[in-house]
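Below is one structure, written out as structure tokens; the observations come after it.
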Amino acid sequence: MAGRSFTGRSGWVLPLCWTAVLLDGFDLVVLGSVLPVLLESQQWGLTAASASVVSTAGLVGMTIGALAIGTVTDVIGRRKALIFAVTSFSLLTALCAVAPSVFVFGLLRFLAGLGLGGCLPTAIALVTEHARTGKSGSATTTIMTGYHVGAVLTALLGIAVLPSLGWRAMFVIGAAPALVLVPLMLRHLPESESFQRAKPERGISGGAEAVASLFRGGFARATIAFWVTSFMGLLLVYGLNTWLPQIMKSAGYPLGAALGLLLTLNIGAVIGLLVAGAVADRVGPRLSTIGWFAASAVFLAALSIKLPGIGVYVAVLIAGCFVFSSQVLVYAYIGRVYPAANRATGLGWSAGIGRIGAICGPLLGGAMLTAGIAYPWGFYAFAAVGALGAIGAAFVRRPEVPQAQESTASQHA
């Protein structure tokens, strides 16, 4: 990657991958937007319990997709894997609009999750390998802003579309951009040069070898540490997004303020992503990842102090800056530690293990609320998770890699 810049077909990589991640964010949030309508109309006899099963099915699909497609990517190539992921989850999202039963709807969400789980690690792997030298950190965080833009657009679209066109239109609209994106990807998205160089060395058992390579050549310690860190990072993201309003309400804040704090948390996320990328490019992904998780722990613990007026919004904004971008820095760090031959596999498996944390986050918050100790102990618990994430990142060690792979690895890891 040394000496490479975004020129020629490489200039298409960032915008195409960013748009793919935007659709990823749209598709993930669209279910939350339509569930209130489905429950109110009792579509297919849907209940809160069955809605939870549908939501969990999507997360399980994403976990499996991240574990599997990241490995497939290292075998068939970044380009084919990303095009397949976008095509599959867009098609399955469109089919949700005509689902005849809650079982079929849940099955479609599970299958869409397989593609969604593979989209992000593949997009990050491509962008990392085509980024300018020393700019992979900001390239990774820029990619992740696509998710938040997609989430915001989904919320705005829901306000405009649901009352007039109904819930089915949301899924059709969410899938429609793929009709433009996929042909553009087929025409303009290049394969990574590092994959092309490594391709002749791949055999029929390339997938198993790619996974095994995460534990060979001195990478075992980094692999386990990344899994722990990714688990903690996504536990924070999903736990806080699910329960922050209720925790703040239990602390005595009115519901309107609690919802406003959730919005503030996500605004902080966008700011944090932009800042984190620049910091990672300057000081390296290792120090920035450790620092971001440590800062998350400090500011989450500080939320246990009830602040007056605008003070609580400032505290939540700062916490959001660190909490969400901590996990993104993990992806940037992974992209700089693993060589190109198994980078997407490393990203995919870390994202997949992280998805287990995404399931555990809401369970942790819910358990503390049920026990009546969500405030202040919920913030202490999430702060402890942030501290464990910092410890996990600190345990990562990049082994010496062969000279042929050196140009694809980090100078700062």
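A donor-acceptor pair is defined here as one N or O able to donate and one able to accept, closer than 3.5 Å; no such pair exists between the side chain of T87 and the backbone of F84. At distances below 3.5 Å, not a single donor-acceptor pair connects side-chain atoms of T122 with backbone N or O atoms of A81. In this structure, the side chain of T154 does not engage the main chain of V30 through any donor-acceptor pair within 3.5 Å. Here the side chain of R221 pairs a donor or acceptor atom with the backbone of F395 at under 3.5 angstrom. With hydrogens and angles disregarded, no donor-acceptor distance shorter than 3.5 Å links the side chain of R355 to the backbone of T63. The closest donor-acceptor contact from the side chain of R78 to the backbone of A123 lies at 3.5 Å or more, if one exists at all. R79 contributes no side-chain N or O that, together with a main-chain N or O of I76, makes up a donor-acceptor pair within less than 3.5 Å. Checked by atom type and distance alone, the side chain of T145 pairs as donor or acceptor with a backbone atom of T142 at under 3.5 Å. In this structure, S55 contributes its side chain and A51 its backbone to no donor-acceptor pair below 3.5 Å. Using modelled atom types, one side-chain atom of R286 and one backbone atom of V396 make a donor-acceptor pair closer than 3.5 Å.
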side-chain contact (heavy atoms from CB on, under 4.5 Å) assessment of V330 paired with Q327 | CA-CA 5 Å; V330 175; Q327 177 59 26; 4.1 Å; yes
Go through the steps to decide whether Y338 and S213 satisfy the test side-chain hydrogen bond (donor to acceptor under 3.5 Å, both in side chains), and finish with yes or no.
-> CA-CA 10 Å; Y338 292 110; S213 69; over 6 Å; no
Verdict with supporting geometry, M185 and L82, side-chain contact (heavy atoms from CB on, under 4.5 Å) = CA-CA 9 Å; M185 293 171 76; L82 185 58; 3.5 Å; yes
Evaluate ring-ring contact (aromatic ring centres under 6.0 Å, His included) for F215 paired with W227, printing each intermediate quantity in order.
-> CA-CA 12 Å; F215 296 91; W227 288 5; 5.6 Å; yes
Could you give me the CA-CA distance, side-chain angles and deciding distance for V275 and C321, then say whether side-chain contact (heavy atoms from CB on, under 4.5 Å) is met?
-> CA-CA 8 Å; V275 174; C321 286; over 6 Å; no
Go through the steps for F26 and L157 under the test side-chain contact (heavy atoms from CB on, under 4.5 Å), then give the verdict.
-> CA-CA 10 Å; F26 184 103; L157 193 64; 3.6 Å; yes
What do the steps show when you test Y380 against S304 for side-chain hydrogen bond (donor to acceptor under 3.5 Å, both in side chains), and what is the final call?
-> CA-CA 7 Å; Y380 296 148; S304 64; 3.2 Å; yes
Carefully, step by step, assess W292 and S325 under the rule side-chain hydrogen bond (donor to acceptor under 3.5 Å, both in side chains).
-> CA-CA 8 Å; W292 245 248; S325 46; 2.8 Å; yes
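Inter-residue side-chain proximity for L300 and L236 is flagged as met; some heavy-atom pair is nearer than 4.5 Å. In this structure the side chain of V337 reaches within 4.5 angstrom of the side chain of F226, judged on heavy atoms. Contact of the P190 side chain with the V13 side chain is registered, since non-hydrogen atoms from C-beta on lie closer than 4.5 Å. For the pair L235 and F382, the minimum side-chain heavy-atom distance is below 4.5 Å. Contact check for V228 versus L388: no side-chain heavy atoms found under the 4.5 Å cut-off. Side-chain contact between Y331 and I143 is absent, with no heavy-atom pair separated by less than 4.5 Å. Side chains of S288 and F293 form no contact here, defined as non-hydrogen atoms less than 4.5 Å apart. Contact annotation: the side chain of Q43 approaches that of R168 to within less than 4.5 Å [non-hydrogen atoms, C-beta and beyond].
In this structure, CG in L107 is found 9.0 Å from OG in S101, a value given to the nearest 0.5 Å. L329 CG to L287 CG: the interatomic distance, rounded to the nearest 0.5 Å, is 11.5 Å. With rounding to the nearest 0.5 Å, the separation of CG in L22 from SG in C119 is 10.5 Å. Separation of atoms CZ (F324) and CG (L273) is listed at 9.5 Å; rounding is to 0.5 Å. Going from atom CG of L214 over to atom CZ of F219 covers 9.0 Å, rounded to the nearest 0.5 Å. The line from CG of L67 to CD1 of I353 is 5.5 Å long, rounded to the nearest 0.5 Å.
Across all their heavy atoms, L186 and I83 have their closest contact at CD2-CD1, 3.8 Å. Nearest heavy-atom pair across G392 and A225 is O-CB, 3.3 Å. I290 and A394 make their closest contact through CD1-CA, 3.6 Å (heavy atoms, listed as atom of the first residue, atom of the second, distance). Across S90 and A178, no two heavy atoms sit closer than the pair OG-CB, 3.3 Å. Scanning both residues, L108 and A99, for their nearest heavy atoms gives CD1-CB, 4.2 Å. When all heavy atoms of I173 and P177 are compared, the pair lying nearest together is O-CD, 3.1 Å.
Annotation: F105 is in aromatic contact with F171 [ring centroid separation under 6.0 Å]. Two rings, from W12 and W18, have their centers 6.0 Å or more apart.
Counting non-hydrogen atoms of other residues, nucleotides and ligands closer than 6.0 Å to CD1 of I310 gives a total of 12 or fewer.
Side-chain contact annotation: S50 with T47, donor-acceptor N/O pair under 3.5 Å present.
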